[in-house]
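Here's the structure, in structure tokens; my notes come after.
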Amino acid sequence: MRNDELIALDRAHVWHPYSPMPGRTDPLVVESASGVRLRLAEPAEGRAELIDGMSSWWSAIHGYNHPVLNDAVRGQLDRMSHVMFGGLTHEPAVRLAARLVEITPEPLRHVFLSDSGSVAVEVAVKMCLQYWRSLGRPEKQRLFTWRGGYHGDTWQPMSVCDPDGGMHELWQGVLQPQVFVDAPPARYEESYAELLRTEIGKHAHTLAAVVVEPVVQGAGGMRFHDPAYLRVLREACDAHDVLLVFDEIATGFGRTGTLFAADQVEVSPDVMCLGKALTGGYLSMAATLCTSRVADGISQGEVPVLAHGPTFMGNPLASAVACASLDLLLAQDWQTEVKRIETGLREGLAPAAALPGVREVRVLGAIGVVQLDHPVDMAAATRAAVREGVWVRPFRDLIYTMPPYVTSDDDLARICAAVTAAAAAG
Ligand SMILES: *Cc1c(COP(=O)(O)O)cnc(C)c1O
């Protein structure tokens with residue numbers, strides 16, 4: 001298909017994320033991708049190739065077109081691409097579940113596989129509500145969270161997303177009203193810890209669970225906080241009979257410097273959500289893990305089943321590539337690679353702090369963020385980055401990057417230069 005034909009059809013028929021119909025700006029057409037390079041069907045700003053600064057939204061940690069991951073998909077394709085999971089099972093899903101239990105915090109023992117992060121959060125919420133119902137406490141059905149979060153785009157996840165993002169106003173009266181406290185401060189403050197304790201205690205009789213992103217709040221504002229708050233949440237949940245859910249869909253698989261963000265303080269949740277990098281960015285898959293306490297509670301209730309079962313649950317292709325991606329990650333010294341990227345981002349993004357209009361530059365693990373003091377001019381910022389040969393996707397007042405772990409030092413320097421150029425232009 002000719003590029004202009006493709007763009008015309010895209011405009012006429014294809015909805016893109018968080019976009020009106022038709023879209024106001026034309027997307028770039030990607031023809032193929034390999035390593036950390038996206039190859040464009042037609043050059044943009046003189047660039048036929050872009051260095052990927054986004055890992056396709058946290059997911060492509062090993063880069064694109066990876067021979068090992070390609071082989072895993074191909075091998076599984078020749079056996080079977082899919083088979084239903086009701087009454088049937090298969091090695092890729094079983095291996096994946098056992099592997100996830102092995103590498104996540106200790107008391108997590110049971111795995112529910114689904115097809116996207118939002119659904120993994122829906123399942124987590126359903127588990128928590130049903131747990132309390134089974135125990136004869138159906139009034140415990142609200143969720144507690146801090147502001148600035150993002151947990152997905154379906155209804156329950158939306159209800160715990162940051163309420164100031166615009167979506168809550170739009171869906172007032174439709175979204176479940178949950179309990180919110182202020183967003184966590186970057187550094188540990190005893191007064192904020194006290195607020196968490198007090199508010200959880202005050203609402204405990206109606207709370208099913210506390211749901212948070214540990215250490216890094218992603219699409220809700222790219223904010224970082226002291227992991228010590230996770231311990232405060234754990235203690236308050238234990239003291240007041242509330243379940244604790246960690247949404248590690250963005251932070252999982254090494255992104256923050258530890259395999260899971262919860263590992264930074266060795267706090268274990270009752271329920272954990274994984275997604276995004278789970279399959280190395282190859283296929284859509286997510287997982288909700290829970291403890292035996294949660295699983296037993298549900299399974300001994302009046303309705304002793306977890307009534308959820310996506311058609312493509314445990315998809316063999318996705319499971320196989322997820323196993324291969326985990327093997328690939330854990331077989332290498334990924335901590336050193338993430339540390340190397342952290343150092344590169346710190347050095348490379350430091351000059352951006354001096355730019356007019358830049359409020360803060362922050363880096364944690366393989367995540368670099370430049371926050372402006374105004375909403376970013378998306379078109380101008382994107383153009384500036386593309387001119388530097390780099391793909392980033394700013395939002396709100398944020399220009400940020402979370403590159404694949406295989407990004408070389410030279411490419412990392414170019415990503416930093418592009419983010420800085422985008423900040424200057426946007
Ligand atoms: C992306 C994300 C989700 C939603 O995942 P999808 O696969 O897009 O549905 C949920 N929680 C967090 C923390 C995320 O970053």
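Quick caveat, the model's predicted, so the values are computed rather than measured. For the numbers below, each heavy atom of this structure counts, side chains included, while hydrogens, waters and symmetry mates do not. One-based numbering, in listed order, for ligands and for the atoms of each.
Of the heavy atoms in Trp58, none comes closer than 4.0 Å to ligand 1. Of all the heavy atoms of Lys276, the ones lying under 4.0 Å from any atom of ligand 1 belong exclusively to the side chain.
Relative orientation of the His62 and His66 rings is perpendicular, given thresholds of 30° and 60° on the angle between their planes.
To the nearest 0.5 Å, atoms OH (Tyr131) and CG (Asp296) are separated by 9.0 Å. Atom CD1 in Ile341 sits 8.0 Å away from atom OH in Tyr405 (nearest 0.5 Å). The structure places CZ of Arg362 at 4.5 Å from CD of Gln371, a figure rounded to the nearest 0.5 Å.
Ring pair His82/Phe312: centre-to-centre distance below 6.0 Å.
When only non-hydrogen protein atoms are considered, atom 11 (N) of ligand 1 lies nearest to Asp247 OD2, 2.7 Å. With hydrogens left out, the protein atom closest to atom 8 (O) of ligand 1 is Ser118 OG, 4.5 Å, a heavy atom.
Defined by atom type and a distance below 3.5 Å, a donor-acceptor pair is missing between the side-chain atoms of Glu194 and Ser191.
Ligand-side atoms of ligand 1 in range of His151: 10 (C), 11 (N), range being under 4.0 angstrom from any heavy atom. Ligand 1 places these atoms under 4.0 Å from at least one heavy atom of Glu213: 13 (C). Atoms of ligand 1 lying under 4.0 Å from any heavy atom of Gly152, numbered from 1 in the order shown and given with element: 4 (C), 10 (C).
Ligand 1 has a nitrogen or oxygen under 3.5 angstrom from a nitrogen or oxygen of Gly117.
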